[in-house]
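Let me begin by presenting the structure, written as structure tokens, before commenting on it.
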Number of protein chains: 2
Amino acid sequence: MSDVWKKFEDNGLTHSSVHHLMAIDQLLKTNGYARGIDVAKHLDISRSSVSVTLHKLQSKGYIVEDENKFYHLTEEGRELTHDVLSTRRIVKKFFLEVLDLPENIAEEDACKVEHLLHLKTSARLFKFISFVNADETFNREFRKRFKSYKHTCSDDCDVCDDDCFYEKS
Amino acid sequence: MSDVWKKFEDNGLTHSSVHHLMAIDQLLKTNGYARGIDVAKHLDISRSSVSVTLHKLQSKGYIVEDENKFYHLTEEGRELTHDVLSTRRIVKKFFLEVLDLPENIAEEDACKVEHLLHLKTSARLFKFISFVNADETFNREFRKRFKSYKHTCSDDCDVCDDDCFYEKS
DNA sequence: AACAAAAGTAATATATGGCTAACAAAAGTA
DNA sequence: TACTTTTGTTAGCCATATATTACTTTTGTT
């Protein structure tokens, strides 16, 4: 009854919009400019879809289109892409380096989650990774121990079958 | 160009549908039955929305409606709710107990993510939490050390400002 | 049986997000 | 200049999700 579940939609921008924004960010960094067609190619969707979405992003203040149809991020847009990219990288790093998950799973799950988590969550996660990965005897030992603990059953065993989690929690 | 971002929509069921399913699961456990109206009250949305969504869930094979309009989970539905609930609990536990995040953030973020993560991710996370929380000297020491490490700067400092993460990663 | 309350559903509306096709404008080229 | 290519925009379509209002059906009571 607590309605926490309804907050899923609360994220200002959708997953898709965020990726339009990040496409611009990346294009600016790699090519120095970003037009509609560039975003369309980058995301592999039609020019028309991009046109519509980018105009929405502009009306919401995340980007501006100059007189030559080149797009630029506003301060707000820059902040948002920075936050989302940070979160993605941190989460992926955690999945890969701490949980030792395979690349494709780490990549997909991080991407799904990147725009949903609170900043505080990713900040704390970053701190946690830094600690776990610290180059000190104790932390090295921790990583070593988890690695062997992780292998106490096979990589594909499904630890969550048979309600084991419910019993333990 | 890798199109990982497009997988966001790939989850068979939406966040909202999954919550309809979980509402039925919970109502069955607490009341012993679940009708449309019960789901509507539980989720605090209109009967009509529920009606549409539940018929979709039925056509997808997650639930069945009996001759008296009572809903029941199919095996597939049971599996899905079990998986999602597991993931939510595991993720929340991680946020709360390992990252030491506040209750509301842990709750919200876990809820947003519960239906998106691979099962393998939550299974591995479960294993990780179990290891971290193990009642042994070494693990206790780990928790203690992270706790003080975490406080090397204030709880509200934004570790990800100023591109610090990009530099370090 | 008659009526009222409860529950379900259809029609309708809004929003997202994609597509194609048609067209417009700009830039490049013969 | 005239033709072609590139790019952008609009309109129309489709599908999904989610909600509301208004209507129908079912159920229960008198």
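Every chain is numbered from 1 and lettered A, B, ... according to where its sequence line falls, protein lines coming before strand lines. For the numbers below, each heavy atom of this structure counts, side chains included, while hydrogens, waters and symmetry mates do not.
- Ring orientation note: the planes of A/F8 and B/H115 are nearly perpendicular, at an angle over 60° on the 30°/60° scale.
- Residues A/F94 and B/F94 place their aromatic rings such that the two centres sit under 6.0 Å apart.
- No donor-acceptor pair under 3.5 Å is formed between the side chain of B/D38 and the backbone N or O of B/L27.
- In this structure B/K6 satisfies the side chain to side chain contact (heavy atoms under 4.5 Å, CB included) test together with A/D44, A/I45, B/D3, sequence neighbours excluded.
- Between the CZ atom of A/R35 and the C1' atom of D/dT5 there is a distance of 13 Å, given to the nearest Å.
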Name the pairs: protein N/O against N/O of nucleotides 15-21 of chain D, kept only if under 3.5 Å.
residue : atom : partner : partner atom : Å
D/dA17  : OP2  : B/K56   : NZ           : 3.4
D/dT18  : OP1  : B/S16   : OG           : 3.4
D/dT18  : OP2  : B/S16   : OG           : 3.0
D/dT20  : OP2  : B/S46   : OG           : 3.3
D/dT20  : O4   : B/S48   : OG           : 3.2
D/dT21  : O4   : B/S48   : OG           : 3.0

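- Taking atom CD of B/Q58 as the reference point, atom P of C/dT9 lies 10 Å away to the nearest angstrom.
- For A/H118 and B/F95, the distance between ring centers is not under 6.0 angstrom.
- Under 4.0 angstrom from either OP1 or OP2 of C/dA26 there lies no side-chain N or O belonging to A/K69.
- A straight line from CD of A/E67 to P of D/dT7 spans 18 Å, rounded to a whole angstrom.
- In this structure, A/S51 reaches the D/dT9 phosphate: one of its side-chain N or O atoms is under 4.0 Å from OP1 or OP2.
- Across the protein-nucleic acid pair, B/H42 atom NE2 and C/dA7 atom C1' stand 19 Å apart, rounded to whole Å.
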Would you list the atom pairs, donor with acceptor, under 3.5 Å between side chains in residues 56-63 of chain B and any protein atom, with sequence neighbours excluded?
residue : atom : partner : partner atom : Å
B/S59   : OG   : B/K56   : O            : 2.9

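- Screening residues 18-37 of chain A for ring-ring contact (aromatic ring centres under 6.0 Å, His included) gives A/H15-A/H19, A/H19-B/W5, A/Y33-A/F70 as the qualifying pairs, with residues at least two apart or on separate chains.
- Applying the salt bridge (Lys or Arg N to Asp or Glu O under 4.0 Å) test to pairs two or more places apart or on separate chains, those with a residue in residues 17-28 of chain A are A/D25-A/K29.
- When rounded to the nearest whole Å, the span between CG of A/N68 and P of C/dA25 equals 17 Å.
- Per the geometry, CD1 belonging to B/I37 stands 16 Å off C1' belonging to D/dT24, to the nearest Å.
- Across its full length, the helix from C/dA1-D/dT30 to C/dA30-D/dT1 shows an angle of 20° between the axes of its 5 terminal pairs at either end, rounded to 10 degrees.
- Protein atom CZ of A/F70 is 14 Å distant from nucleotide atom P of C/dA26, rounded to whole Å.
- Annotation: the span from B/M22 atom CE to B/Q26 atom CD amounts to 9.0 Å, rounded to 0.5 Å.
- Summarising the geometry, the separation between CG on B/L54 and C1' on C/dA10 is reported as 16 Å, rounded to the nearest angstrom.
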